[in-house]
Amino acid sequence: MTYTRHSTLHGALAHRKPAWGTRDGMPVAMRFTSNAAENALHTSIVIADVSFLRKRSVKGPGAAEWLNSSGVQPPLDLFAVAPLHNNTGIVARVGRTEYFVESGPDESAPIMDVELAPSPSAHPMERHDTALLAVGPRVPDLLAQTCGLNIIEEFPDRIVLTRMAAVSAMLLYRPDTATLRVWCDPSFGVYLFEALLQIAQDLGGAAAGVEAIEPLLR
Amino acid sequence: MNKRLAPPYGSWIDRDRAISFRFDGKAHQGFAGDTLSTALWANGVRVLGRSFKYHRPRGIWSLGDSDSNCMVEDERNTNLRGDSLPIADGLDVRAVNTTGAAESDRMRFFEWLAPFMPVGFYYKAFHTPASLFPTYERFIRRAAGLGKVNATNPMIHTPKDYDYCDVLVVGAGPAGLAAAAAAGEAGHTVLVVDRQPYAGGSLWWRHGDQSKLRESLTQRVINTPNMKLRLNTTVASLDTDNWAALVDDTRLTKVRAKSVILATGAYEQPFICRYNDLPGVMLSSAAVKLVHLYGIAPCKAAVVVTANTDGLRAALELHDAGIELRGVVIVRGAHIDPDVVSALQKRKISIHQDKVVYEVLPGPGKKSISGVVVGSAAPPGTPPSLPGTSIVCDGLIMAAGYSPVDELLRQRGGSTRYDKALQQFVPDELPPSVFVAGKANGMYDLSERIRDGETAAEEAVAFLNACAPSTQRPMRPSTPQSAAYPIVHNAEGKAFVDLDEDLQVHDIEQAVHEGFEHAELLKRYSTAGMGPSQGKHGNVAVLRILAQCRGIDIATLAPTTARPYVTPVPMSHLAGRSFTPRRRTAIHAWHEAHGAVFMDAGQWLRPEYYRMGGTSRAACIEAEARNVRTAAGMIDLGTLGKIEVSGPDAVAFLERTYTSRFAKLAVGKVRYAILCDESGVLVDDGIVARLADDWFYLTATTGGAAGVYREMQRNAILWNMNVRVANLTSHVCAISLAGPSADTVLAAVTRGPVNEETYPRVSIRNADVAGAPARVMRVGFVSETGYEIHVPNDAALHVWTALHEAGASHGLKPFGVEAQRLLRLEMGHIIISRDTDALTHPFEVNMDWAIKLDKDEFIGERSLKIIHNKDAERTLVGFTMDASVPDPLPEDCCLVIRNGDITGRVTSIYRSPTLGKPIGLAFVAPDQAQPGARFTIRHHNGAMLEATVTPTPFVHTQGAHP
């Protein structure tokens, strides 16, 4: 495979004229021209596209075994999240018989190279969800305006399948880094990014490049 | 003018900050902290608005945002309430429902027509002739009503949000603050909400100087951890599970509380007598608020009429503030504090014990009052015996009692009952997580209200901790705080029960006599409580009159339903940010950059066509279609539904889902398949490709994808089949490459030859396309030579761009949805939901070949067998029209007419660039379906046009569905 990967937000980011870099075969916005993001990170909120992280999911009664055979130890609890071996990403249990895996920023998790053929009891697939990261002291305000669940208080470190700004989304709030991860159907990616960014800007926030937030992904 | 009482009166205004504003075109000045009503009153303006029906002058009445006497509008907003609208520099408003200014409203003659407008007059007068009703309606709407909505207002986005707490305390008066502090100190998260700009409630204006208590309670709340205090905020509704809607100037907040304490206070109730609505007549709470909060004398010379000690205290405070007190009328049965009476007597204020105010004497133009008539009370329902004693005054201050602010409680499912000891309604049954405290709970003594609040908090904490509370609530007082029947009948009328709707005592009596004896019916017939203030000061009086007319105990009556919202909520607050999700494919930005004109396809945005210089839409579409026929075109099919099915039962699952068979479908082959519902109606279609023995890849229509996937998931469980269904719709992007040069273009970006042998018809192959892993299907929807290239979503833009570049020298161009629709019509292919409707079954659209009635059970099988044995009522046919038929062509849904009867309709029609004449699909009667048969289409402009039944495909005899 020698193709150039593109985030569904590529066009939306290009309008903002970022300095581009490359992560895992995908052009990513490293930083934007103003230093608004740098300031907003500490005072308000920034939102960054992290769709370059590769993703997969597997469903079926044999999903956990399929992951085990691929070298991944999935969490036992429903909606729990666990790190992949050597901190190469995360694995989350998103349903009774369904799991979601995302590679880390530094190196692609080995499971991303496993052949995607279904077994009689497990069906793996490549995922291309738009993946966002929001961080900053106004994250609670962003959530308050877009999501009807009290995620910060009720579901820290848990996967939450819910609605955000009127679209289905998968959320994960990490209290240790005060970061919010958002995954959504890629066809809604531009809409959700712009809706969240509009709110973030109303809160004094900005779009951030990967450079500013990459350490938070580790 | 802006006259004020000297400090300490006027605690809410900042005398150092003068504010200029305009009302009804006139300039005025007030102070920061004033509301529109108070600033106008300070400027000597007494007519703040006009009544809804009779256009009577109205002034300050409740000053509690619970009447509609002062409602104004500006260029953008309407029905703003003057009692709560803060003045600001540049504020320029006018009274609603007036012709000219409120002071000189030209519609004031309507009052003369009052005798001809009894209760329900419009039901009685305007039903015949029916043809005139629109005229009546226009006249009534012009003559009566509220403000006008400015339809040109821009859309306002507001930051609607959510919040959460353990305990929501509604009301930051003494009981509310005490409750909040107690709940917070017990370790719970507490949200306290009050619609006033300051916490403290009546501690600001009742009970003498309570500044220390107010400050200590407020500080106790503020200093409690996990406490939020939201002022200038109204709880507009309280729903199941304690969902509360909080409204402030900027937004609506949806709060979910684990428990709620309602310390909402009570609405003061008026006495009802002749002319009790005129400017100068007001509730005692309004009068003391004017004095204490805004430093304004409500009048120069006042008479106070009261049924409780609060009224007497108000009289004392008015006197001490310098207002001449001409008399205090204490109604019969009032339980009052003798110390306060003594204090009044010491000030040589004349007290009229066991008397009533018969009537208010109007001033000039009824824009003020000139006095009141005081006399002995008559039995309820009978006019007073005159003459009484006239007292000259310009203000009547009324304190007839209280009614709890219980709308939220009743919205939440709680109930109230009439307490005869208190002569008012009190909370009765409460939902488990809801508690009521303070005046809302029928408590009036200040220290008892604070204790009641703290005990309510204990109960809430006990509820949250699932244990029993340890403290008993204080007892309600056993003496009434309200007059049992504060209504003085007067044969001359104009004794107003509901100021919103100009409803008088005799209107309510008349409605009851006409048979509207149930409170809810009476409300709807008389419109009592249906105005902007929702009967906050009139509903109890209506029940008292109803009970008196029917000769029953008021305790047997229940208040009418309390519906959200308690106060008006701007539409922009409800809309919030108006989230409108749109779906875009991975190639959207490319389309945008290349001139695509987008169209809506459900939530998707799809290129309808690509703009070419100054060329018209039709010419662009025609050029795109011609290019596919002569060279090659490509279209973004990212919106197409894409589903994988795997597992040991995959074949059985698909055979039960679709109407076709798949057991013998070879690996690497694809088959067109249709989906029906249980009634045999055609609901979707697509391709089924076999990737392995128990692994299939399916497509569904753009509009049907989500529904098909959902139904498959449901059925997999319902049928207990060992299959997995995965929705790849947005994770895989598809590109359709079509036209005579398609082979060549594909060959340029993939390895190995592209021909009939490597990519046979109706096959699927894994391939490397421009470096990306792809599933390539040889199918022909818009052209005999066509490929669908399915690639990972993150590869879509790369592959699309590579194809575009590789195909440029072969004439490859993108085409949009409109060209696709035209091209597939030339191929004779239908589009589900365009060429079918909610009743179309496969036999009507000539898809008998796709229905395997002899196989095992499948969705729609039983219905299709029945339908199959019946004569068809309509048939979809291809048709052509003469090339000379001018544009515009008939539209979809133009009717097929035979001898004046409808026999069918057009479902698709285009002018074919290939054939140079109109082609289309239409439902016709079965006997009109023979090739060569002629039928008539009624053009939407009325012309009758001839069409000829023509076999499909129109442009070729081969290349039908795989």
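In what follows, chains carry the letters A, B, and so on, assigned in the order in which the sequence lines appear, proteins first and then strands, with residues in each chain numbered from 1. Note: hydrogens, waters and symmetry copies are ignored here, and every other heavy atom, side chains too, is used.
Using a 4.5 Å cut-off between heavy atoms, B:Ala770 touches chain A through its backbone atoms (N, CA, C, O) alone. Looking at B:Asn722, only its side chain comes within 4.5 Å of chain A, counting heavy atoms on both sides. Heavy atoms of B:Val725 lying under 4.5 Å from chain A belong exclusively to its backbone. With a 4.5 angstrom heavy-atom cutoff, A:Ile199 touches chain B via backbone and side-chain atoms both. Both the backbone and the side chain of B:Ser646 come within less than 4.5 Å of a heavy atom in chain A. If you measure heavy-atom distances from B:Glu592 to chain A, the contacts under 4.5 Å come from the side chain alone. Contact annotation for B:Asp693: neither backbone nor side-chain heavy atoms come within less than 4.5 Å of a heavy atom of chain A. With a 4.5 angstrom heavy-atom cutoff, B:Arg251 does not touch chain A via any of its atoms. For chain A, the nearby part of B:Thr580 is the backbone; its heavy atoms alone come within less than 4.5 Å. Interface residue B:Lys160: only backbone heavy atoms are found under 4.5 Å from chain A.
When each of A:Ala195, A:Gly148, A:Gly60 is checked for heavy-atom pairs under 4.5 Å with chain B, A:Gly148 comes out on top. When each of A:Ala144, A:Gly11, A:Ala166, A:Pro61 is checked for heavy-atom pairs under 4.5 Å with chain B, A:Ala144 comes out on top.
Under the 6.0 Å distance and 45° angle rule, B:Arg582 does not count as a cation-pi partner of A:Phe188.
Checked against a 6.0 Å centroid threshold, the rings of B:His588 and B:Trp604 do not count as neighbours. Side-chain rings of A:Phe100 and A:Trp183 approach one another, their centers coming within less than 6.0 Å.
Rounding to the nearest 0.5 Å gives a distance of 8.5 Å between CD of A:Gln201 and CD1 of A:Ile47.
Between A:Arg174 and A:Asp157 a salt bridge is recorded (basic side-chain N to carboxylate O distance below 4.0 Å).
Among the candidates B:Asp636, B:Asp600, B:Thr702, the single residue satisfying the side chain to side chain contact (heavy atoms under 4.5 Å, CB included) test with B:Arg606 is B:Thr702.
Counting only distance, with no hydrogens or angles, the side chain of B:Ser259 and the backbone of B:Asp166 share a donor-acceptor pair below 3.5 Å.
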